[in-house]
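These notes are about the structure you will find just below.
Owing to the predicted nature of the structure, the values given are computational and were not obtained by experimental measurement.
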Amino acid sequence: MNVCFCTLAIHAPYRRRARRLIGDMCGVPWVVLTDEPDNFEGLAVRAVRHVAVGPMARDFLVNPALAGNTTGLPAYHDKRFVLQEALKDFDTAIFMDADTRLRSLPRLPQFRPGIAVTKVLRGSIAEHLSRWGSERRPVFEQLALHLGGGVEMLERVRWFNEALFAVTKDGNENRFFEAWGRAAEFLQSKGVFTGEGGVIGLAAAYAGWTVDYDSLDKLAASSTHEGRGPKGE
């Protein structure tokens with residue numbers, strides 16, 4: 001299959017973790033977007049220099065006000081750029097957060113066109129916001145309208161786990177990335193720097209994609225995500 005793995009590795013803590021993750025998966029193609037491509041010398045990876053557009057972990061650590069008064073983890077919308085880079089040469093790009101470890105690489109399925117996500121989160125955007133940062137509901141309603149949908153989208157569109165997901169080309173990927181970019185700019189203009197999983201869900205709906213909740217089961221079961229917010233070490 002024409003599949004590539006990719007990740008975002010901006011600043012030293014994430015570059016170190018990305019190197020470990022890539023080491024867990026020798027023999028598969030990798031694309032890494034990073035501020036220091038030289039850190040990946042000696043690894044079978046295409047490291048692409050990237051200047052961050054949105055705030056990265058270091059920014060959230062030195063300026064906690066970026067997260068505002070919301071409940072939720074920071075959003076790293078620059079992930080979209082590494083997916084776009086990987087899809088230049090591959091049909092499917094599997095994104096994994098740099099702070100992930102893999103015990104073994106299972107046999108990958110044939111990915112259906114569109115987006116594949118894990119089953120960690122299955123609730124709608126509205127349900128997620130009711131549990132984690134309900135004060136964001138008004139701006140997400142504005143965002144749904146901004147993308148050309150209606151407020152009811154929040155009730156039917158799912159919130160995705162953004163640590164592990166896959167995008168497979170079908171001709172609508174440009175609509176997906178366009179919507180993600182517009183949404184990122186819109187939320188950041190409103191001072192909202194969380195909510196990445198909701199944005200990806202809305203962008204997938206904008207692209208007209210049916211969500212695949214099954215294809216990543218084995219990969220998710222074999223991986224461990226460190227999580228717990230921005231790394232400063």
Do [X] and [Y] touch side chain to side chain, with heavy atoms closer than 4.5 Å?
| X | Y | value |
| --- | --- | --- |
| Pro109 | Lys218 | no |
| His146 | Arg182 | yes |
| Val48 | Phe81 | no |
| Ile115 | Ile200 | yes |
| Arg156 | Met153 | yes |
| Cys6 | Leu83 | yes |

- Under 4.0 Å between a Lys/Arg side-chain N and an Asp/Glu carboxylate O for Arg17 and Glu226?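 Yes.
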- Task: Considering only NZ, NE, NH1 and NH2 on the basic side and carboxylate oxygens on the acidic side, decide whether Arg103 and Asp24 come within less than 4.0 Å.
- Result: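 No salt bridge links Arg103 with Asp24.
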[X] versus [Y], closest heavy-atom pair with distance:
| X | Y | result |
| --- | --- | --- |
| Ala144 | Gly150 | CB-O, 3.5 Å |
| Leu164 | Thr118 | O-CG2, 3.6 Å |
| Asp217 | Tyr213 | OD1-O, 3.5 Å |

- Could you tell me how the ring of Phe60 sits relative to the ring of Tyr76: parallel (under 30°), tilted (30 to 60°) or perpendicular (over 60°)?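 Phe60 and Tyr76: perpendicular rings.
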- Task: Give me the ring orientation class for Phe140 and Trp159: parallel if the planes are under 30° apart, tilted from 30 to 60°, perpendicular past 60°.
- Result: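 If you compare the ring of Phe140 with that of Trp159, the planes turn out tilted.
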- Item | Residues in side chain to side chain contact (heavy atoms under 4.5 Å, CB included) contact with Asp97, at least two apart in sequence or another chain |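 For Asp97, the residues satisfying side chain to side chain contact (heavy atoms under 4.5 Å, CB included) (neighbours in sequence not counted) are Lys79, Phe95, Asp99, Thr100, Ala163, His225.
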- Partner set under side chain to side chain contact (heavy atoms under 4.5 Å, CB included) for Asp170, not counting sequence neighbours: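 Asp170 satisfies side chain to side chain contact (heavy atoms under 4.5 Å, CB included) with Pro113, Asn172, Glu173, Trp209 once adjacent residues are dropped.
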Working to the nearest 0.5 angstrom, can you tell me the gap between [X] [atom1] and [Y] [atom2]?
| X | Y | atom1 | atom2 | answer |
| --- | --- | --- | --- | --- |
| His11 | Thr34 | NE2 | OG1 | 9.0 Å |
| Asp35 | Met56 | CG | CE | 9.5 Å |
| Phe5 | Thr92 | CZ | OG1 | 10.5 Å |
| Leu202 | Phe176 | CG | CZ | 10.5 Å |
| Phe90 | Glu85 | CZ | CD | 11.0 Å |
| Phe193 | Asp59 | CZ | CG | 9.5 Å |

- From CA spacing to verdict: side chain to side chain donor-acceptor pair (under 3.5 Å), Ser130, Arg137: CA-CA 8 Å; Ser130 71; Arg137 174 68 184 253; over 6 Å; no
Path from [X] to [Y] over hydrophobic side-chain contacts below 4.5 Å:
| X | Y | value |
| --- | --- | --- |
| Leu145 | Leu129 | no |
| Ile125 | Val120 | yes |
| Val151 | Phe186 | no |
| Val53 | Tyr14 | yes |

- Query: Is Arg58 atom CZ crowded by more than 12 heavy atoms from other residues, nucleotides or ligands, each under 6.0 Å away?
  - Reply: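 No, CZ of Arg58 has 12 or fewer neighbouring heavy atoms, counting only those of other groups under 6.0 Å.
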- Message: Taking atom NZ as the centre, does Lys169 end up with more than 12 heavy-atom neighbours from other residues, nucleotides or ligands that are less than 6.0 angstrom away?
- Response: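 Result for NZ/Lys169: enclosed.
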